[in-house]
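A short write-up of the structure that comes next.
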Amino acid sequence: MAHDFHNILAVISNYAEMIAEVLDSRVPDPGDLADARTDLGQISRAAERATRLTKQLLAFGRRDITQAEVLNLNHVIGDVEQILRARHRRAHPPGRH
């Protein structure tokens with residue numbers, strides 16, 4: 001579970017870093033601002049996953065019987081893919097070589 005929580009924190013940290021890069025620019029590009037809004041959504045979803053995981057940890061600590069949750073690897077891979085695509089777009093914007 002610690003590994004799962006670490007992964008969620010990595011998602012939040014990466015998206016927050018990308019948003020900070022946009023906000024640090026003197027005059028942010030409108031496309032970058034749109035990407036930052038999308039990134040905020042990813043942070044929100046990661047926080048929701050962290051909340052669910054924290055509830056599971058607390059239940060485990062109390063030794064409650066909880067419902068196992070199936071992990072959908074497609075969602076995990078999709079989240080990582082979105083991070084990588086966003087980083088690539090920002091590192092290699094169209095029209096700039």
Side-chain angles (χ1 to χ4, degrees):
M1 285 191 165
H3 183 71
D4 293 338
F5 199 73
H6 177 267
N7 288 342
I8 292 169
L9 292 176
V11 168
I12 292 170
S13 177
N14 279 308
Y15 277 112
E17 184 180 319
M18 289 188 290
I19 291 168
E21 289 172 6
V22 170
L23 297 178
D24 283 344
S25 71
R26 218 177 155 103
V27 180
D29 180 85
D32 290 341
L33 288 173
D35 288 341
R37 282 187 197 89
T38 301
D39 295 346
L40 286 171
Q42 292 296 340
I43 289 172
S44 178
R45 283 186 282 286
E48 289 169 9
R49 288 194 306 273
T51 299
R52 286 193 304 272
L53 182 58
T54 301
K55 286 179 183 178
Q56 290 176 344
L57 289 169
L58 292 171
F60 179 77
R62 291 188 308 263
R63 303 281 191 233
D64 288 350
I65 298 172
T66 60
Q67 183 70 28
E69 184 176 334
V70 176
L71 177 65
N72 185 331
L73 289 178
N74 289 328
H75 290 148
V76 173
I77 292 169
D79 289 346
V80 171
E81 178 186 21
Q82 288 180 1
I83 291 171
L84 294 174
R85 287 185 185 278
R87 286 219 171 253
H88 184 267
R89 269 195 318 273
R90 292 197 177 123
H92 307 285
R96 294 187 211 165
H97 296 276

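Values reported hereafter were calculated over all heavy atoms of this structure, with side chains retained and with hydrogens, waters and symmetry mates removed. Sequential numbering from 1 along the given sequence is applied to the chain's residues.
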List the atom of [X], the atom of [Y], and the distance in Å for their closest heavy-atom pair.
{"X": "Ala16", "Y": "Ile43", "value": "N-CD1, 3.7 Å"}
{"X": "Asn74", "Y": "Asn72", "value": "N-OD1, 2.8 Å"}
{"X": "Ala46", "Y": "Val11", "value": "CB-CG1, 3.8 Å"}

To the nearest 0.5 Å, how far apart are [atom1] in [X] and [atom2] in [Y]?
{"X": "Ile12", "Y": "Ser44", "atom1": "CD1", "atom2": "OG", "value": "9.5 Å"}
{"X": "Leu53", "Y": "Phe5", "atom1": "CG", "atom2": "CZ", "value": "6.5 Å"}
{"X": "Gln82", "Y": "Ile77", "atom1": "CD", "atom2": "CD1", "value": "12.5 Å"}
{"X": "Asp32", "Y": "Met18", "atom1": "CG", "atom2": "CE", "value": "11.5 Å"}
{"X": "Ile19", "Y": "Asn14", "atom1": "CD1", "atom2": "CG", "value": "11.0 Å"}

Non-neighbouring partners of [X] that pass side chain to side chain donor-acceptor pair (under 3.5 Å), sequence neighbours left out:
{"X": "Arg37", "answer": "none"}
{"X": "Asp35", "answer": "none"}
{"X": "Glu17", "answer": "Arg87"}

For Ser13 and Leu9, indicate whether the former's side chain and the latter's backbone hold a donor-acceptor pair under 3.5 Å.
no
If only atom types and distance count, is the side chain of Tyr15 paired as donor or acceptor with the main-chain N or O of Leu40 below 3.5 Å?
no
As a test of understanding, state which of Arg85, Arg45, Arg49 forms a salt bridge (Lys or Arg N to Asp or Glu O under 4.0 Å) with Asp79.
Arg49
For Val80, the hydrophobic cluster (side chain heavy atoms closer than 4.5 Å, chained through members) also holds Leu84
What pairs with Glu48 under salt bridge (charged side-chain N to carboxylate O under 4.0 Å, His left out), at least two apart in sequence or on another chain?
none
Side chain to side chain contact (heavy atoms under 4.5 Å, CB included) involving Asn7 - partner list, sequence neighbours excluded:
His3
Using a strict threshold of under 4.0 Å (side-chain N to carboxylate O), is an ion pair present between Asp29 and Arg90?
no
